Each structure stands twice: as C-alpha cells, then as structure tokens.
Number of protein chains: 2
Amino acid sequence: MRADAQRNRDKIVEVARQVFREKGYDAPLDEIAKKAGVGAGTLYRHFPSRDDLHDAVMQAWADGVDVATEKALAHEGDSREVLLDWFRTYVGLVSSYKGSPAKITSAMGDPDSPIRTKCQVLSAANAKVIERLGDALRPGIEPVQMARLIGGVATVADTASLDAEAVDPLLAVVADGLLA
Amino acid sequence: MRADAQRNRDKIVEVARQVFREKGYDAPLDEIAKKAGVGAGTLYRHFPSRDDLHDAVMQAWADGVDVATEKALAHEGDSREVLLDWFRTYVGLVSSYKGSPAKITSAMGDPDSPIRTKCQVLSAANAKVIERLGDALRPGIEPVQMARLIGGVATVADTASLDAEAVDPLLAVVADGLLA
DNA sequence: AGACAATACGGAGAGTGTCTCCGTTTTGCA
DNA sequence: TGCAAAACGGAGACACTCTCCGTATTGTCT
C-alpha cells in the first residue's frame, strides 16, 4: 500500500472512532471524510460500506475483549457471580456507540458480514465462559445463543437508553435461565 | 374532520400498512404518499412523524393483542407451558415488519412516544400473564421487564432474520429465568 | 342554489446524506 | 529525473425528508 494511502486510511479510522462514539453508528460518512481532511471518494475507496469502516474502527476494541474475558474468568465466586460479571462486561463491550449492540449482535452468525472478524472474538469469549462454567450451565448452550440473549438485552438498553440499574435485573433473569 | 381529509387519511393508513410489511419500517414515506395518490404535504399533515403513522397502522394490530392474550391465558398446562406459549405469541405480535420489534420495545417505557398507546396494550397483556402465573414467577417482575426481555429476543431475531427454530431455545432460557 | 370562509390539498424545492466518476496530483521505481 | 501506476478529492447525480404556499374542495349560511 502506498504511503499516502496508508496515512489517509489511518487518519480516517482515527476520526471515525471518535465520530461514531459521539454521534452513533449513523453519523454521516461525509462528515468523517471532511474531519479527516480527505475527499468522500477516498473514504469510500478505502471502506466501500459503513460496516467496513466500522470493522476497522473496532480493531483496537477487539483486543480489549480478550483482556475483559480473562478478567471475568479469573473472577472467583460461584457460577452465578461469574456469569453475571461476564454479562455486565459483555454489555459494556458491545455498547461502544449508539446502534452498535444491534449491529454486532446481528452480524454474529452472518458469515458474510464485514464485521465478522470482530464478532468471532466475542464468540470465542463466550465459548470460554461456557467452558469455564461447565456442568453448572444448562446443557447444549452455544456461544451464539449466549450472544443473542445478552445482545438482545444490550440492544434494548441501547435503543431505550436504559441505565445499568435497569439492565441488571434483566441480566439476572438470563443468567438464572442459563444456569437452570 | 372534513370528508376528503378522512378519505385521504384512511387511504394513507391502508397503503402504509402494506408498504411497511413489504419494505420494513424504514420504507420511504414519499412512496407511501404516491401510492396512496396524495401529495407529500398531505401525508405529513396527517402524520407529522413516521411514528405517528406507525401508530395509526397498528390500530387493528392492537385489537389482535387482546385476543392473543386471552388465548394464551386460556391455555391449560403448567406455568412453563403457559409462559412459553405467551412468549411465542408475543414475538409474533411484535414482529409485524422489519424494525418493529426494536421500535415497539424501545417505545415501551417512553412516556412521550407517539406509539405509546399500542405499547400499553402489550404492557397490559404482560401484566395479565404475570398475574395468572402468580407465585410460580420470581417475585418483583414488572411487565416492562418482561417486555424488554422478550422484545430483546424478538429484536435480535428480526435483525438477524432468525427463524422460529432458532428463537425457541432463547425463549426457553428466559422463561426458565423468570420461573426461577 | 349560490356564495363565502374555513379547511385541506399537493407538489415544488430546500436541506441533508450517500456514493460515483473522472480529471488532477502524488508516489515509487527504473 | 521521468513516467506509469496508484491514489486523491470534490462536483454532482440520486434518494429521502419535510415545509411552504398557491390552489382546490368542502360545509354552511342565506
């Protein structure tokens, strides 16, 4: 990749991260281009779709997922505690900006999604949690199912602007359901 | 209301119902206006926002909710059966078109939402179910919490185009969590 | 019936966002 | 240094939302 191309790409991703966080996933792409000091054409050449840009933006985020998983797994306590702790972490991770819980959750399980890379990280994290809890969990739970349950809660929390206090009881219900 | 106004209003709602179903909640309003044979101004005068139109479209739908509730409550069987039956019904009701689960679920609990009328019907239905199940349910469950849990599942199912087979296990987890 | 407010209509057009096309500029290699 | 390939960038075509206001329709009063 040519040096100027790389430079522009990096700049776009950096600006996009910030704009997405401020204005949500629906922020105008032209605005991102302008703030990055490039033309619209340049942005669209690097990232043909919004999701492609989103994927690039979430690169750093994906690393954080691993760290967070380790932390939740290191947590000493009974299964319910571990599960709840992970769920809270998960909701936090997946709610990077307005609209992201829905995007990430629906991309999960779609083999053609441009942001699939990042979803696999989450899937892997869920798999680890499932493995750690072992027999305490109801049998036959798949990582993607866990992702959908918690992703659903996170999506509702996102679109309805719920605070942690309102979300926690919902997570508790799901946790108990999974431990049943 | 003047006769021509009533005529146009009815026509718009009729067309909107059909277009929403075909193209989802995001369908262009101008297209609805055109298909209804009215100008854009007329549509926007009758329904200042998309949600206002959505609300009108869901009028008939709201009646169906009552019927469905009665049916689910009449269901003989253990609590789990009743709950699961109601959840399946709920998901069906709330998924009238692409985007509607998210809309309806987030409107629930927002006192200023234009589609609040319709959400109250669902809230009332949930309250009835909760009452019917009584002590079998975990204590302190609010209708709106139930709406958020199932609405979350429905939203994920909607955006990820899941079929009933994939949704059912998720509902089972939530049901067991609520019965815990 | 005829006339006159009041009410409603409708579409042009301004504002905003998406995405492409292509003439111009930059880069890297020989 | 020169030149072809690669990348740029912004004008503009297209799409959707929403408003404004001149025109048409309706209901009422005589």
Side-chain angles (χ1 to χ4, degrees), chain A residues 1-57 97-100 102-103 106-107 112-115 159, chain B residues 1-57 97-100 102-103 106-107 112-115 159:
Chain A
M1 180 180 265
R2 245 172 60 172
D4 54 344
Q6 185 68 57
R7 216 181 311 134
N8 280 329
R9 191 185 186 284
D10 292 348
K11 184 69 182 169
I12 290 169
V13 172
E14 179 195 324
V15 169
R17 170 151 36 230
Q18 182 186 331
V19 171
F20 277 159
R21 187 169 284 286
E22 281 168 13
K23 306 196 146 194
Y25 183 70
D26 290 332
L29 296 186
D30 277 13
E31 179 186 327
I32 293 175
K34 176 161 284 188
K35 279 194 181 167
V38 304
T42 301
L43 189 152
Y44 283 99
R45 198 169 338 96
H46 282 297
F47 308 103
S49 80
R50 182 180 294 271
D51 271 354
D52 290 314
L53 178 53
H54 191 199
D55 190 56
V57 162
Y97 11 90
K98 268 234 164 286
S100 66
K103 268 297 161 199
S106 72
D112 304 328
S113 169
I115 62 175
T159 56
Chain B
M1 179 180 266
R2 244 172 61 174
D4 53 345
Q6 183 69 58
R7 217 181 312 135
N8 279 330
R9 191 184 187 285
D10 292 349
K11 184 68 182 170
I12 290 169
V13 172
E14 179 195 325
V15 169
R17 169 151 36 229
Q18 183 186 329
V19 171
F20 277 159
R21 188 168 283 287
E22 280 167 15
K23 305 198 148 194
Y25 182 72
D26 291 331
L29 296 185
D30 278 12
E31 179 187 327
I32 293 175
K34 176 161 283 189
K35 278 195 182 165
V38 304
T42 301
L43 187 151
Y44 283 97
R45 198 170 335 97
H46 283 296
F47 308 102
S49 81
R50 182 180 293 272
D51 271 354
D52 290 315
L53 178 54
H54 190 198
D55 190 56
V57 162
Y97 11 89
K98 269 236 164 283
S100 66
K103 268 296 160 201
S106 71
D112 304 328
S113 169
I115 62 173
T159 55

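This structure is a prediction, so every number in the text was calculated from the model and none was measured.
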Note to self: Tell me if a side-chain donor or acceptor on Asp52(A) pairs with a main-chain N or O of Ser49(A) at a distance below 3.5 Å.
What the structure shows: yes
Checklist line | From dG11(C), dG17(C), dC9(C), nucleotide with atom closest to Ala40(B) side chain | finding: dG11(C)
Item checked: Presence of Asn8(A) side-chain N/O under 4.0 Å of dA7(D) phosphate oxygens OP1/OP2 -> no
Next item on the list: For Asp4(B), report the nucleic acid contact type (base, sugar-phosphate, nothing); a contact means any heavy atom under 4.0 Å.
Entry: sugar-phosphate
Checklist line | Value in whole Å for how far the P atom of dG10(D) lies from NZ of Lys34(A) | finding: 9 Å
Notebook entry, point to check: Do Asp55(B) and Phe47(B) come within less than 4.5 Å of each other through their side chains, counting heavy atoms only?
Noted result: no
Margin query: Can you measure Asp30(B) atom CG to dC16(D) atom P for me and round it to whole angstrom units?
Written below: 8 Å
Next item on the list: Measure from CD on Gln6(B) to C1' on dT7(C) and round the result to the nearest Å.
Entry: 14 Å
Checklist line | Atom pair distance, as rounded to whole Å: CG in Asp52(B) and C1' in dC18(D) | finding: 14 Å
Item checked: Considering all heavy atoms, the nearest Val57(B)-Arg17(B) contact -> O-NH1, 2.9 Å
Next item on the list: Kindly say if His46(B) contacts the phosphate of dA8(C), meaning a side-chain N or O under 4.0 Å from OP1 or OP2.
Entry: no
Check: Which whole-number value in Å describes the distance from Tyr44(A) OH to dG17(C) P?
Finding: 11 Å
Margin query: Without decimals, in angstroms, what is the distance between Met1(A) CE and dA5(D) P?
Written below: 19 Å
Note to self: Under 4.0 Å from OP1 or OP2 of dA7(D): is there any side-chain N or O of Thr42(A) that close?
What the structure shows: no
Next item on the list: Looking only at side-chain atoms of Val38(A), point me to the closest of dG9(D), dT18(C), dC18(D).
Entry: dG9(D)
Next item on the list: With rounding to the nearest 0.5 Å, note down the distance linking NE2 in His46(A) to CE in Met1(A).
Entry: 5.5 Å
Margin query: Both Pro28(B) and Arg7(B) contact DNA chain D. Taking the nearest nucleotide for each, which residue is further toward the 5' end?
Written below: Pro28(B)
Note to self: Taking the minimum atom-to-atom distance to the side chain of Arg2(B), which one of dT26(D), dG9(D), dT20(C) wins?
What the structure shows: dT26(D)
Next item on the list: For Ala27(B) and Phe20(B), work out which heavy atoms get closest and say how close.
Entry: CB-CD2, 4.5 Å
Check: So what does Ala3(B) hit on the nucleic acid, given a heavy-atom distance under 4.0 Å: a base, only sugar-phosphate, or nothing?
Finding: sugar-phosphate
Margin query: Just the rounded figure in Å: distance from P of dT18(C) to CG of Asp26(A).
Written below: 9 Å
Note to self: Categorize Arg45(A) for me: base, sugar-phosphate, or nothing, with a 4.0 angstrom heavy-atom threshold over every strand shown.
What the structure shows: base
Notebook entry, point to check: Nearest-Å distance, CZ (Arg9(B)) to P (dT25(D))?
Noted result: 23 Å
